[in-house]
Amino acid sequence: MHDETTPNDSWALETLAIRAGHQRTHEQEHGEPIFPTSSFVYASAAEAARKFKGEEPGNVYSRFTNPTVHTFERRLAALEEGGRCVATSSGMAAILATVLALLQAGDEIVASRSLFGSTVSLFDKYFGKLGITTRYVELADLAAWEAAMTSRTRLLFAETPSNPLSEVVDIAALADIAHRSGALLAIDNCFLTPALQKPLALGADLVIHSATKYLDGQGRAVGGAVVGREKELEEVFGVVRTCGPCLSPFNAWIFTKGLETLNLRMRAHCENAQALAEWLQGHPAVARVHYSGLSDHPQHGLASRQQKGYGAVLGFEVKGGRESAWSVIDATRMLSITGNLGDVKTTITHPGTTTHGRLSDAQKEAAGIGEGLVRVAVGLEAVEDIRADLARGLDALI
Ligand SMILES: *Cc1c(COP(=O)(O)O)cnc(C)c1O
């Protein structure tokens, strides 16, 4: 193994996504190789001893390190402008490893109210059991974040923009609030990816990814990653290596190849989403569209400053509540009825009875999840075909 392509400071994101982290073997292959092996061998007992002790760099066992996984980690670290990346078996494993690595019993988390459902369960049900408590606040309300902090707060955790209402928080301001109290800020950057938003450059300490979504972008594999400074990531690595939620080499290879088209895909996702949001806004059966790319979105200005694009997840409210929302979903013939997102295939779901179905009526109201709300994760089909598929149900409501 030699000739590792070192990320060059002057390379643009488009170049890093294609070139960073590639380790060419003696075969001189052009594409990134896969190493489907659980363990590695040594030339001598002495070499084995040095590698086990960590005195000499090199692979020992694929729960610790694997060259294919390493390529993905280096490439994503370069894109997120982080010192180090640790890949995990899923996005949830990335959050689990981060909290296990950096918090202990008695510590507190302050988190956005608008988080991925399993993240909330992880915080409440499992970290709660370990004596780590979480308080939830309105994503965009900086005063609420500040008020929820105590001397025990170690971690602030947010997704921005939120799902499915596209609310946005000022990452730099949130980082200031965290750092004033000696806490860390973690941003789940799943919805925008480094092609559209770089939380570390804005002051966040940790970036979380579900690679399952846009990093792959084609719905082929489950995986995750944490990116940040060497200091914290060495601890995260320790958890993954010891507790075992490591990424498989095959999935790492899929994600590495996925990153090569990330920038192109995200630009196309955004273009489709913008066109669809504008069309929905003008449709007489639609009461409201939630998309930060629309000029009447409450945080359009902040989103425009902080993000290079507005992403491709949007919510819209149809007039007539659940019955109307379901009829629009059921009238589609091409769109996939599923809660997943971050795929070339457009997906559609009714958050109130699926992704957010476990919330009480009061929680739904507080989170703005109405009965008429439909979420679309806009894919890369021709936008006129996506529009036609939605128009069938929407036109029938007028
Ligand atoms: C899907 C998702 C996760 C969890 O990722 P998995 O790969 O499914 O474990 C976490 N955060 C966000 C925002 C997600 O969309």
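Counting starts at 1 for both ligands and their atoms, following the listed order.
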[X] and [Y] aromatic centres sub-6.0 Å:
X      : Y      : result
Tyr214 : His269 : yes
His297 : Tyr310 : no
Phe237 : Phe64  : no

Go through the side-chain N and O atoms of Thr256 and Glu32 and say whether any donor and acceptor fall under 3.5 Å apart.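 Per modelled atom types, Thr256 and Glu32 side chains form no pair under 3.5 Å.
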
Per-atom contacts, ligand 1 versus [X] - under 4.0 Å to a heavy atom:
X      : answer
Gly223 : 7 (O)
Glu159 : 13 (C)
Cys190 : 12 (C), 13 (C), 14 (C), 15 (O)
Phe191 : 13 (C), 15 (O)
Gly91  : 5 (O), 6 (P), 7 (O), 9 (O)

Nearest to [atom], what protein heavy atom do you find, and at what distance?
atom                    : result
atom 8 (O) of ligand 1  : Ser210 OG, 4.1 Å
atom 7 (O) of ligand 1  : Thr212 OG1, 2.6 Å
atom 12 (C) of ligand 1 : Asp188 OD2, 3.4 Å
atom 2 (C) of ligand 1  : Lys213 NZ, 2.4 Å
atom 9 (O) of ligand 1  : Met92 N, 2.9 Å

Taking N or O atoms only and a 3.5 Å limit, does Phe116 qualify as a polar contact for ligand 1?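 No: no nitrogen or oxygen of Phe116 is under 3.5 Å from one in ligand 1.
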
Give yes or no for whether the N/O distance cutoff of 3.5 Å, strictly under, is met between Leu341 and ligand 1.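 No, no N or O pair falls under 3.5 Å.
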
Could you work out, with ring-ring contact (aromatic ring centres under 6.0 Å, His included) as the rule, every residue matching Tyr291, not counting sequence neighbours?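 Counting only residues at least two positions away or on another chain, Tyr291 forms no ring-ring contact (aromatic ring centres under 6.0 Å, His included).
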
Sequence neighbours excluded, which residues qualify as ring-ring contact (aromatic ring centres under 6.0 Å, His included) partners of Phe191?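 Testing Phe191 for ring-ring contact (aromatic ring centres under 6.0 Å, His included), a comparison that skips the adjacent residues, returns none.
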
Answer yes or no: does atom CZ of Arg180 have more than 12 heavy-atom neighbours from other residues, nucleotides or ligands under 6.0 Å?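 It does: Arg180 CZ has more than 12 such atoms within range.
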
Under 4.5 Å between side-chain heavy atoms, counting indirect links through other Ile/Leu/Val/Met/Phe/Trp/Tyr residues: same cluster for Val376 and Leu397 or not? yes

